Amino acid sequence: MVKTRSGLGLALVQLILALSVSFLDAAGKESAGLNYRSHGADWPGLCQSGEKQSPVGVTTKDLKPYAKPEYAPNLETLGVAGDITFLLTTVLPHVEVEWERLTEPARATLAATKDGDIFAPLRGDVDADELKRVAFEPAQFHFHTPSENSLDGNLFDGIIHVVNFVKDGESEMCDSIKASGGLGCPVVVSIFLKEDERVEACPLSLLSSVNVAATGEPNPSDYLIRSAGKENGVKFFGHFDLDSILPSDGKIAIWEGSLTTAPCTEGVFWIQFLTPADVSFPEIMQLRNTLAYAAGSDCKSIKNGQCFPQRFPSNNRMTQPLNGRVVRTADVYSEAKKATSL
C-alpha cells in the first residue's frame with residue numbers, strides 16, 4: 001500500500017493495475033502506431049526537435065531555490081474526485097483514472113505574471129509586485145513503469161502523473177493557447193513509486209478508499225475491463241480524495257517541460273515530488289502484466305482473453321536533456337501559506 005500524505009493509503013492501486021491501460025486523449029492521433037520498445041527514441045516531430053522536453057533527470061545538488069518563496073506553487077489540496085471511471089485503450093498504453101467532476105474543489109495555484117505567464121517565475125526574471133496567482137485543477141491521473149523522470153541518475157519502479165490544467169479565465173496566455181487549438185497549460189504533479197518488500201499488497205477493494213454505496217461484498221472480477229474505450233470503462237459512483245496519493249514530504253522539483261507521450265507538446269509545468277511513495281512488488285508486477293497482456297485492437301491476436309504476442313511491458317520515455325533549463329526546488333506544503341501573500 002502506498003504511504004500517503006493523508007495516511008488513508010492507496011488501496012485502489014492494485015485494482016486499478018488489474019483494470020486498465022490508457023493514454024492522455026489529447027495526444028491519441030499522433031501516437032497511433034507508436035510504441036515504447038525504444039522508449040520514445042523513434043518518435044517523430046517535436047519529440048525529436050524540441051528543446052524543452054520531458055521527462056528529465058533531476059539532480060539534487062543542482063536544484064535551485066526560487067528567488068522568493070512566494071514564487072513557488074501552492075498545493076493546498078487537489079480536491080475530491082467523484083464518479084470515477086477506469087479506461088482501457090491501447091495507444092501508448094497507460095493505466096489511467098478519470099472522473100466526471102470534483103465533488104470538493106482543488107485549491108492549488110501557480111505564480112504568474114499579470115498576463116498569466118506561469119513560467120516567468122521559474123526563470124526568475126520577474127518582480128514580485130507584477131505577479132498574481134492562477135488556479136489549476138486535476139483532470140486525470142495515470143501510471144508509468146518504470147518511472148520516466150529520474151532522481152540522481154536512478155529510475156524508480158513506477159510513477160504517477162496527475163494531469164492538471166490551469167483553469168479557464170485564470171491566465172490570458174493559457175486561454176490564448178487553448179483558443180488556438182492547443183491544450184491550454186497542463187500542470188503535471190508527479191509522484192515516484194518505489195517497491196518496498198515491507199509493504200503488503202493492497203486488497204482488491206476499491207470500497208475501502210472510495211466511499212461507494214453498495215450492498216454486500218463486490219466480486220473483483222466483476223470490475224475487470226475487457227474492451228478498450230471509455231464506453232467500455234468501469235464507473236464507480238463515489239468519491240476519492242486525490243490528496244491520498246501525495247507523499248507526506250512536500251519537497252519538490254519544478255521545471256518547464258513537455259508531455260512525455262507523442263506529440264511531446266511543450267509548455268507543460270512540471271511538479272515532481274522528491275520523496276517516493278512505497279508500493280508492493282505484486283502491485284508493480286500487476287501493472288507490468290496489464291501493460292503486456294491486456295486485450296486491445298492493437299493486438300495481432302487474442303488468446304484466452306489476452307494480447308498475443310504480448311506488448312512491451314514498460315511504458316516510460318527516456319530522459320531528455322535540460323538544454324540549460326533551470327530546475328527549481330521548494331517545499332510545496334510549507335510554502336503554501338506563504339504563497340497566499342501575493
Side-chain angles (χ1 to χ4, degrees), residues 2 13 16-17 20-28 30-31 34-43 45-48 50-60 62-63 89 91-97 138-164 183 186-195 245-247 252-277 279 283-284 287-288 290-292 311-323 325 327:
V2 177
V13 170
I16 295 170
L17 303 188
S20 56
V21 178
S22 187
F23 171 66
L24 186 61
D25 289 341
E30 291 83 351
S31 301
L34 303 181
N35 58 59
Y36 280 101
R37 292 189 180 277
S38 298
H39 299 282
D42 56 348
W43 296 350
L46 195 61
C47 302
Q48 297 289 330
E51 293 294 317
K52 296 180 179 180
Q53 290 288 293
S54 294
V56 304
V58 176
T59 304
T60 305
D62 294 336
L63 295 175
T89 70
V91 179
L92 288 177
H94 296 67
V95 170
E96 183 173 300
V97 183
Q140 53 104 320
F141 65 86
H142 60 266
F143 298 76
H144 297 263
T145 180
S147 69
E148 297 199 297
N149 299 318
S150 66
L151 182 62
D152 294 327
N154 299 308
L155 293 176
F156 288 84
D157 298 292
I159 201 166
I160 298 176
H161 290 166
V162 185
V163 180
N164 305 260
L183 293 175
V187 181
V188 178
V189 176
S190 183
I191 304 103
F192 291 125
L193 300 177
K194 180 182 179 182
E195 179 201 328
I245 62 177
L246 300 179
I252 57 171
I254 313 104
W255 67 91
E256 179 181 358
S258 72
L259 299 179
T260 63
T261 45
C264 305
T265 305
E266 295 184 343
V268 179
F269 193 102
W270 277 84
I271 298 172
Q272 174 66 62
F273 280 88
L274 299 180
T275 300
V279 295
E283 288 168 330
I284 293 297
L287 172 57
R288 293 172 182 167
T290 302
L291 295 174
R311 298 185 194 87
F312 194 58
S314 299
N315 64 340
N316 66 315
R317 187 189 187 196
M318 65 178 63
T319 57
Q320 305 296 305
L322 284 171
N323 295 320
R325 282 176 287 173
V327 181

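If you read the sequence from its start, that first residue is 1, and numbering goes on from there. These figures come from a predicted structure and were not determined experimentally.
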- Query: When you look at Q272 and I252, which way does the side chain to side chain contact (heavy atoms under 4.5 Å, CB included) test go after all the steps?
  - Reply: CA-CA 5 Å; Q272 174 66 62; I252 57 171; over 6 Å; no
- The residue among V97, I159, V163, V162 that forms side chain to side chain contact (heavy atoms under 4.5 Å, CB included) with H142 is V163
- Query: Where do T319 and N149 land on the side chain to side chain contact (heavy atoms under 4.5 Å, CB included) test, with the steps shown first?
  - Reply: CA-CA 6 Å; T319 57; N149 299 318; 6.0 Å; no
- Item | Minimum heavy-atom distance A41-Q48, with the two atoms named | O-NE2, 2.7 Å
- Query: Which atoms form the tightest heavy-atom contact between P247 and T275, and what is the distance?
  - Reply: CG-O, 3.4 Å
- Message: Using every non-hydrogen atom in the two residues, find where P263 and C47 come nearest and quote the distance to one decimal.
- Response: C-SG, 3.8 Å
- Item | Atom pair CG (L246) and CD1 (I160), whose distance is rounded to the nearest 0.5 Å | 9.0 Å
- Query: Are N35 and F312 close enough that some pair of their side-chain heavy atoms sits under 4.5 Å apart?
  - Reply: no
- For T260, the option from R317, E148, Q320 that meets side-chain hydrogen bond (donor to acceptor under 3.5 Å, both in side chains): E148
- Note on the structure: Separation between OH (Y36) and CG (N316), nearest 0.5 Å, reads 8.0 Å
- About how many Å separate CG of L259 and OG of S54, when rounded to the nearest 0.5 Å? 8.5 Å
- Flag side-chain contact, heavy atom, 4.5 Å: I191 against F141: no
- Does anything in residues 255-265 pair up under salt bridge (Lys or Arg N to Asp or Glu O under 4.0 Å), and if so which pairs, sequence neighbours excluded? K52-E256
- Query: Minimum heavy-atom separation for Q53 to V56, with atom names?
  - Reply: O-CG1, 3.5 Å
- Query: Looking at G50 and N323, what are the two nearest heavy atoms and their distance?
  - Reply: O-ND2, 4.5 Å
- Message: Determine whether V188 and I271 satisfy the following criterion, side chain to side chain contact (heavy atoms under 4.5 Å, CB included), listing intermediate values before the conclusion.
- Response: CA-CA 6 Å; V188 178; I271 298 172; over 6 Å; no
- Are any side-chain N or O atoms of D157 and backbone N or O atoms of P146, one a donor and one an acceptor, separated by less than 3.5 Å? no
- Item | Nearest-0.5 Å distance that lies between atom CZ in F156 and atom CG in L193 | 9.5 Å
- To the nearest 0.5 Å, what is the distance between OG (S190) and CZ (F273)? 9.5 Å
- Note on the structure: Between D152 and the options D62, T59, L274, the side chain to side chain contact (heavy atoms under 4.5 Å, CB included) test singles out T59
- Item | L63 and V58: CA distance, side-chain angles, deciding distance, side chain to side chain contact (heavy atoms under 4.5 Å, CB included) verdict | CA-CA 8 Å; L63 295 175; V58 176; 3.8 Å; yes
- Message: Quick check: F192 with H144 (ring centres under 6.0 Å apart)?
- Response: no
- Task: Kindly give the heavy-atom pair with the smallest separation between S258 and C264, and that separation in Å.
- Result: CB-O, 3.5 Å
- One should read off an interatomic distance between L155 CG and S314 OG, to the nearest 0.5 angstrom, of 10.0 Å
